[in-house]
Amino acid sequence: MIPLSQPDIDDRDRQAVMAAMQSPTLSGGPFLRQFEEEFARRTGRKYALAVSSGTAALHLGVRALGLSAGDEVITTPFSFIASANCLLYESVRPVFVDVEADTYGLDPDLVAAAITPSTRAVLPVHVFGQPCKIADIGTLCQSHGLVMIEDACEALLAGTGDRLVGSFGDVAVYGFYPNKQITSGEGGMLTTDSEEIYRKVKSLRNQGRDIETDEIRQIALGYNYRMSEINAALGGSQLQRINEIKALRKQILERYNQLFAGVAGIGLPSVVGNNDPSWFLYVVRVHADVRDELIQRLAMRGIQTKAYFSPPIHLQPYYRNKFGFSEGDFPVSERLSRECLALPFYNGLSSSDQERVVEGVSKSLGEIQGM
Ligand SMILES: Cc1ncc(COP(=O)(O)O)c(C=O)c1O
């Protein structure tokens with residue numbers, strides 16, 4: 001079976017984890033501080049706080065920005081569920097607007113049209129590693145006095161124009177699940193330039209403790225969203241290789257695109273505008289009528305693939321029941337969710353396995369068309 005994704009763990013990663021295991025502190029020690037400092041440096045922000053997941057980072061972003069019941073946050077339905085769930089945790093209302101068909105990210109014109117007196121923030125997501133129109137969304141936020149949580153979980157060190165993604169939001173968040181560009185096993189990071197937000201998040205991730213004292217003094221309702229030294233050691237070690245990893249994934253993506261050049265019926269990923277993506281997935285588009293049959297046939301050929309993001313968030317049963325969403329509410333997101341297909345994509349994917357995938361897709365499509 002050629003898997004959809006696979007972590008890339010090398011000897012340096014194993015040594016870092018062993019060193020963390022042998023140190024006297026398994027939590028809140030030097031590996032965490034190093035990971036955070038290096039992450040802040042590479043993403044160009046003043047502060048970085050490691051947490052237990054990308055979802056935890058999103059939740060703490062919502063809390064630290066003081067968003068609460070009655071507030072509206074404009075966000076995308078074409079995303080991983082956590083980017084909307086984090087709002088529901090605090091009874092904040094997600095106001096979905098549709099995405100662009102090329103970046104798969106929020107359409108700035110639709111964001112502008114959705115702003116009401118209750119809007120407090122925008123939560124854009126850079127999907128699959130391709131930056132959305134974040135500069136335009138940033139300008140909108142500034143002119144309307146809105147804050148921004150930038151979900152860069154899938155786009156570590158992607159750029160657009162002369163800026164990195166994750167440098168636009170009042171807070172930006174990242175995730176290190178094993179299918180991501182770098183992994184810490186499980187884990188996430190929140191970055192910001194605001195000392196106030198930094199202090200709040202540092203307290204909230206550790207039960208809401210007062211960070212000024214070693215005494216146990218709880219000053220807010222917090223959580224255990226801490227990252228262990230073992231996870232931080234792995235994340236910190238992987239981060240050292242991020243530039244190579246980004247280049248390697250670009251190379252693998254371009255090779256796929258070349259191999260697919262002669263295959264009819266496949267839409268290939270491409271760089272939009274002046275973006276510099278940090279590829280998370282290799283997502284192609286196929287006709288909605290063939291997509292699910294294609295997944296089945298590829299599985300029979302030993303090739304794991306996945307419909308992404310399917311269904312979009314607003315059509316997940318929980319959201320349908322809670323808000324009454326239905327088909328047709330966000331047509332671009334819905335079309336993408338019927339057409340997008342993620343193929344195997346990871347650092348260690350060999351050229352011969354890429355050829356097998358392309359041949360498998362081509363043959364399967366031929367079989368379906370001949371049916
Ligand atoms: C866009 C997006 N947001 C948030 C998350 C949540 O991250 P985690 O799975 O680490 O909680 C993910 C990743 O899985 C993601 O892809």
Side-chain angles (χ1 to χ4, degrees), residues 4-7 35 39 43 48-63 73-90 92 94 96 99-100 103-106 121-132 134 137 148-158 165-166 168-169 171-191 201 205 223-228 231-232 234-235 238-239 249 277-283 306-314 316 319 333 336-337 340 342 345-346:
L4 188 60
S5 77
Q6 206 171 63
F35 187 23
F39 200 89
T43 54
L49 289 143
V51 290
S52 51
S53 69
T55 307
L58 280 164
H59 186 195
L60 292 182
V62 171
R63 279 288 307 270
V73 174
I74 299 172
T75 191
T76 164
F78 192 68
S79 174
F80 182 68
I81 193 84
S83 61
N85 279 354
C86 66
L87 302 171
L88 302 192
Y89 298 156
E90 297 302 321
V92 173
F96 293 121
V99 297
E100 302 180 308
T103 62
Y104 301 174
L106 280 179
V122 183
L123 197 164
V125 183
H126 305 289
V127 169
F128 308 153
Q130 177 96 248
C132 68
I134 192 72
I137 295 168
M148 190 209 287
I149 298 177
E150 188 180 1
D151 185 337
C153 282
E154 299 189 359
L156 175 60
L157 293 185
V165 310
F168 292 84
V171 307
V173 299
Y174 301 84
F176 311 122
Y177 186 74
N179 64 354
K180 296 291 192 302
Q181 289 88 334
I182 66 166
T183 186
S184 59
E186 294 276 2
M189 194 75 78
L190 181 149
T191 60
V201 170
R205 78 173 169 185
Y223 315 88
N224 175 1
Y225 282 165
R226 297 184 303 263
M227 176 185 276
S228 82
N231 298 96
L234 178 55
Q238 293 245 307
L239 185 60
R249 293 172 88 91
S278 168
W279 296 107
F280 162 51
L281 295 174
Y282 185 77
V283 174
K306 195 168 178 188
Y308 247 97
F309 300 98
S310 182
I313 296 174
H314 67 288
Q316 293 286 356
Y319 280 78
S333 298
L336 292 174
S337 82
C340 283
F345 188 65
Y346 46 92

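Each ligand, and each atom within it, is numbered from 1 in the order the structure gives. All values reported here derive from a predicted model rather than from experimental measurement.
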* Could you tell me the separation between the CZ atom of Phe35 and the CD1 atom of Ile182, rounded to the nearest 0.5 Å? =>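 Answer rounded to 0.5 Å: 4.5 Å.
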
* Asked: Does the N or O separation between Val125 and ligand 1 drop below 3.5 Å for any pair?
  ->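 Checking ligand 1 against Val125, no N or O pair falls under 3.5 Å apart.
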
* Lys180 N/O to ligand 1 N/O under 3.5 Å -> yes

Hey, does the side chain of [X] reach the backbone of [Y] with a donor-acceptor pair shorter than 3.5 angstrom?
X      : Y      : result
Arg249 : Ser278 : no
Gln181 : Glu154 : yes
Thr75  : Phe96  : no

* Asked: If you measure from atom 2 (C) of ligand 1 to every heavy atom of Asp151, Val127, Leu281, which option wins on shortest distance?
  ->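 It is Asp151 that holds the nearest heavy atom.
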
* Asked: For ligand 1, which atoms, with element, lie under 4.0 Å from some heavy atom of Gly187?
  ->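 Reading through ligand 1 atom by atom, the close ones are 10 (O).
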
* Ligand-side contact atoms (ligand 1) for residue partner Ser53, heavy atom cut-off under 4.0 Å -> 10 (O), 11 (O)

Shortest protein contact, [atom] (heavy atom only):
atom                    : answer
atom 11 (O) of ligand 1 : Thr55 OG1, 2.5 Å
atom 7 (O) of ligand 1  : Gly54 CA, 3.4 Å
atom 5 (C) of ligand 1  : Phe80 CD2, 3.5 Å
atom 16 (O) of ligand 1 : Glu154 OE2, 2.6 Å

* For the residue pair Tyr282 and Tyr308, is the inter-centroid distance of their aromatic rings smaller than 6.0 Å? ->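 They do not qualify: ring centres at least 6.0 Å apart.
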
* Non-neighbouring partners of Arg205 that pass salt bridge (Lys or Arg N to Asp or Glu O under 4.0 Å), sequence neighbours left out -> Glu36

* Check salt bridge (Lys or Arg N to Asp or Glu O under 4.0 Å) between Glu100 and all other residues, then give those that pass, not counting sequence neighbours. => Lys133

* What part of Leu58, side chain from CB on, backbone N/CA/C/O, both or neither, has a heavy atom under 4.0 Å from ligand 1? ->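 Under 4.0 Å from ligand 1, Leu58 contributes side-chain atoms alone.
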
* Asked: Between Ser83 and ligand 1, which part of the residue brings a heavy atom under 4.0 Å of the ligand: side chain, backbone, both or neither?
  -> neither

* Asked: Is Ala57 in contact with ligand 1, taking contact as a heavy-atom separation below 4.0 Å?
  ->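 Distance cut 4.0 Å: Ala57 fails for ligand 1.
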
* If the plane angle is over 60° it's perpendicular, under 30° parallel, otherwise tilted; pick one for Phe128 and Tyr104. =>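 It falls in the perpendicular class, over 60°.
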
